[in-house]
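Written out below as structure tokens is the structure these notes cover.
Worth knowing before you read on, the calculation uses all heavy atoms, side chains too, and leaves out hydrogens, waters and symmetry mates. Nothing fancy with the numbering, it's 1 onward along the sequence. The structure presented is a predicted model; accordingly, all values stated were derived computationally and were not measured.
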Amino acid sequence: MIFGLFRKKNTNRRIVEAQYALLTAAARQPALYADLGVPDTVMGRFEMLSAVLILYFRRTRRSATSGQEIAQEIVDAFFEDVDHSIRELGVGDVSVPKRMKKFAGMFYGRLESYAAALDAADRTALAAALRRNCYPQAADAPSLDGLASYLFDAEAALAAVGEDVVEVGRLRLPPASAG
């Protein structure tokens, strides 16, 4: 009986690792940066990983318990990844918790604003929120209308995917393109 619990945890770990790898690959698609206007910077990559994870969480919120458990573990993996990245950038151990709190606040703020735009089917509001987050100080930032359209299309594609795919950690976002 007790060994069954360890097996489930180990299976979940493999599923989480596979799903997180697919999500990070989706956030690193060259077309997002070359064609859709996302700055190819540390913060630009944070923005895209946040957007991809938000789409994933929106899809899994209607999943069965196992899909939601995997989603929670992916949140944990994301914040572990952010913590590791902060440390790699040379931030001292004393400052890491403060920085993590800031990144968590940024992520959950994006979750709110992107979700509001997606729920309202408002591409203009999503493009404005993306622009504000990707280019916080640039008055002449490029339009992110194409990125907003891609995120709407990706969310629709994820909604059409069956639970069997979600539960085994194989949920994929469609490829990004300029067209």
Side-chain angles (χ1 to χ4, degrees), residues 1-29 32 38 43-87 96-97 99-123 125-127 129-130 133-134 147-176:
M1 179 73 152
I2 188 90
F3 295 112
L5 295 173
F6 292 122
R7 199 171 312 119
K8 181 179 180 191
K9 189 108 171 137
N10 202 15
T11 301
N12 270 2
R13 166 155 268 130
R14 285 194 300 269
I15 291 169
V16 168
E17 288 172 357
Q19 185 62 72
Y20 192 68
L22 290 172
L23 295 169
T24 55
R28 292 178 178 154
Q29 295 178 76
L32 296 169
V38 178
M43 286 310 296
R45 289 178 182 263
F46 172 81
E47 296 300 337
M48 282 318 308
L49 186 53
S50 295
V52 165
L53 288 172
I54 288 165
L55 294 180
Y56 174 77
F57 298 141
R58 287 173 59 82
R59 168 57 185 87
T60 58
R61 73 178 174 196
R62 65 180 175 88
S63 293
T65 302
S66 60
Q68 291 179 14
E69 287 172 359
I70 292 165
Q72 181 57 53
E73 289 184 51
I74 286 180
V75 169
D76 298 342
F78 170 63
F79 284 110
E80 284 176 26
D81 199 13
V82 171
D83 180 275
H84 180 74
S85 296
I86 289 171
R87 291 175 193 279
V96 170
R99 297 277 176 103
M100 285 299 296
K101 186 175 180 180
K102 179 180 177 186
F103 276 103
M106 290 169 59
F107 176 77
Y108 288 109
R110 281 151 180 74
L111 177 61
E112 270 186 43
S113 64
Y114 297 172
L118 289 162
D119 288 342
D122 189 342
R123 289 176 194 260
L126 182 58
L130 290 163
N133 292 328
C134 288
L147 179 60
S149 290
Y150 167 70
L151 294 177
F152 268 96
D153 294 346
E155 182 168 61
L158 294 178
V161 175
E163 280 304 304
D164 56 324
V165 175
V166 174
E167 290 176 354
V168 295
R170 301 217 185 270
L171 191 64
R172 293 178 187 271
L173 273 75

| query | When rounded to the nearest 0.5 angstrom, what distance separates CD in E167 from CD1 in I15? | reply | 8.5 Å
| Which atom names give the shortest non-hydrogen contact between R123 and S149, and what distance separates them? | NH1-CA, 3.1 Å
| message | Has E47 got a side-chain atom pairing as donor or acceptor with L130's backbone, closer than 3.5 angstrom? | response | no
| request: Quick one: pull up CZ in F46 and SG in C134 and give me the separation to the nearest 0.5 Å. | output: 11.0 Å
| query | Taking atom OG of S50 and atom CG of N133, what is their separation to the nearest 0.5 Å? | reply | 8.5 Å
| Quick one: does R110's side chain have a donor or acceptor within less than 3.5 Å of a partner on M106's backbone? | yes
| Is there a side-chain contact between L22 and L173 (heavy atoms, below 4.5 Å)? | no
| Taking atom CG of L118 and atom CG of L126, what is their separation to the nearest 0.5 Å? | 5.5 Å
| task | Check the surroundings of atom CD in E163: do more than 12 heavy atoms from other residues, nucleotides or ligands lie under 6.0 Å from it? | result | yes
| note | Smallest heavy-atom separation, F57 atom then A71 atom, equals CE2-O, 3.5 Å
| Should L147 and V38 be marked as a side-chain contact (heavy atoms from CB on, under 4.5 Å) after you check the CA-CA gap, both sets of side-chain angles, and the distance that decides it? | CA-CA 8 Å; L147 179 60; V38 178; 3.5 Å; yes
| request: Kindly indicate whether the side chain of E155, heavy atoms from C-beta on, has any atom under 4.5 Å from the side chain of L151. | output: no
| Hey, are the side chains of I74 and L53 touching, using non-hydrogen atoms and a 4.5 Å cut-off? | yes
| query | Nearest heavy-atom pair of L32 and A27: which atoms, and what distance? | reply | CD1-O, 3.6 Å
| request: Take Y20 and D81, measure what side-chain contact (heavy atoms from CB on, under 4.5 Å) needs, and give me the verdict at the end. | output: CA-CA 10 Å; Y20 192 68; D81 199 13; 2.8 Å; yes
| message | On a heavy-atom basis, which atom in A129 and which in Y114 lie closest, and how many Å separate them? | response | CB-CE2, 3.8 Å
| Donor-acceptor under 3.5 Å (R59 side chain, V161 main chain) | yes
| field | Short side-chain to backbone donor-acceptor contact, Q29 and A26, under 3.5 Å | value | yes
| message | In the structure I gave you, are the side-chain heavy atoms of M48 and R28 within less than 4.5 Å of one another anywhere? | response | no
| request: Give a yes or no answer on whether the side chain of Y56 reaches the backbone of L158 with a donor-acceptor pair at less than 3.5 Å. | output: no
| field | Pairwise distance CZ(R45) to CG(L49) - rounded to 0.5 angstrom | value | 10.5 Å
| said: Does R62, at its CZ atom, have more than 12 non-hydrogen atoms belonging to other residues, nucleotides or ligands within less than 6.0 Å? | reply: yes
| Atom pair CD (Q19) and OG1 (T24), whose distance is rounded to the nearest 0.5 Å | 10.0 Å
